[in-house]
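Reviewing the structure listed below.
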Amino acid sequence: MGFLSDALSRIKPSATIVITQKARDLKAQGRDVISLSVGEPDFDTPDNIKEAAIAAIRRGETKYTPVSGIVPLREAIARKFKRENGLDYKPSQTIVSTGGKHVIYNALLATLNPGDEVIVPAPYWVSYPEMVALCGGTPVFVDCTMEHNFKLQPEPLERAITPKTKWIILNSPSNPTGAAYSYAEMKAITDVLMRHPHVWVLTDDMYEHLTYGDFEFVTPAQVEPNLYERTLTMNGVSKAYAMTGWRIGYAAGPEHLIKAMDFVQGQQTSGTSAISQWAAVEALDGPQDHLKVFKKAFEERRDLVVSMLNQTKYLKCPMPEGAFYVYPSCAEAIGKTAPSGKVIKTDEDFVSELLETEGVAAVHGSSFGLGPNFRISYATSNAALEDACHRIQRFCGSLR
Ligand SMILES: Cc1ncc(COP(=O)(O)O)c(C=O)c1O
């Protein structure tokens, strides 16, 4: 009998973390590396939020909190859903966890039984399938091709639903593609879900505030109010408030599900950091001016990267609506030979040769379930992005 749990054999390491570490190792060896692999804003947490945390420490808010979160934060979350999404939730229908990732994990742990299926549109955030597998469920992938801007289409969704389907995980704007669903696109999906009342919706709205141009964000329970009773709407402060290290995510949904998640959390973490929760109250209730600054910077970077990549031999890069990722195709580079003499057979070969040859770290699409593509995070300075895109152009130009 082995010492380690069999559950570990069901999961893979995060490709994003592996590549970010490889880039760090190369940097430590003195190589000039530009890392476009990390998924966090390069901005600092706004000062008003930091001050709220410092004030909470000074007031002595340094003890355990109720498992589901402090009342002022649960009230602020309820207000946020009403104000921004037109959704009515009582504070008792909300829960605060240690990052958005932990919210999803709690929801799956509280609901999945062996054999339960979870529909995961691909490309997907690397953690969804692994979390489903760790909780004993089976991820069922539905390909969302570049032809459809990486968005789930109603027919393949309908075909993927079986009597065992428990959840579908939706993520708009998406990590890794940046694709976001318009009202009409979301309605086409919710129309299918209305025909299958046993399927619950877990919507990961983590990038809600990072959309560009005149795109208008929508969330499933807002588009189809009849789904309210079987939707868990997840969100968090990590991306929109540059608070990745504070570890605060939250969700709202039917009270019986929230209670089950509270039950799980009570035997896991006992609730997340009191200080971070007070900071999150300020994030949600305080001034939102920083968002305009973040959005403007990200939009400029998106436009720069998409334009430069589309001027690159063998690459095609769709223009995403949100988040801080692009997901270009490198299909035309497959079969070509890199300067090292290695033939590029997969998108993983492409990113690995790119890192070795030009010192640019990106993440291969196959780790997100759909390739041959690669993900670039543009949450870094314009100068670094321009340099990185020039290097990618040089690398592609050198393929024979
Ligand atoms: C789509 C998506 N959901 C959730 C998360 C996790 O957020 P948190 O850092 O709050 O756990 C991420 C982080 O990369 C993400 O990209």
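Both ligands and their constituent atoms are indexed starting at 1 by order of listing.
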Got a salt bridge between Glu332 and Lys313, using NZ or NE/NH1/NH2 to carboxylate O under 4.0 Å?
-> no
More than 12 heavy atoms of other groups within 6.0 Å of Phe43 CZ | yes
Any chance the rings of Phe350 and Phe374 have centres within less than 6.0 Å?
-> yes
Plane angle bin for Tyr378 and Tyr212 - parallel if under 30°, tilted between 30 and 60°, otherwise perpendicular = tilted
Can you pull every nitrogen or oxygen pair between ligand 1 and the protein closer than 3.5 angstrom?
unit_1, atom_1, unit_2, atom_2, d
ligand 1, 3 (N), Asp204, OD1, 3.4
ligand 1, 3 (N), Asp204, OD2, 2.5
ligand 1, 9 (O), Ser238, OG, 3.3
ligand 1, 9 (O), Arg247, NH1, 2.9
ligand 1, 10 (O), Gly100, N, 2.8
ligand 1, 10 (O), Ser238, OG, 2.6
ligand 1, 11 (O), Gly100, N, 3.1
ligand 1, 11 (O), Lys101, N, 3.0
ligand 1, 11 (O), Arg247, NH2, 2.9
ligand 1, 14 (O), Lys239, NZ, 2.7
ligand 1, 16 (O), Asn175, ND2, 2.8
ligand 1, 16 (O), Tyr207, OH, 2.8

Rest of the hydrophobic cluster containing Ile70 (Ile/Leu/Val/Met/Phe/Trp/Tyr, side-chain heavy atoms under 4.5 Å)?
-> Ile49, Leu73, Ile77, Phe81, Leu87, Tyr89, Val96, Tyr228, Val237, Tyr241, Met243, Trp246, Ile248, Tyr250, Trp278, Val281, Leu284
For Arg59, does the CZ atom have more than 12 heavy-atom neighbours from other residues, nucleotides or ligands under 6.0 Å away?
-> yes
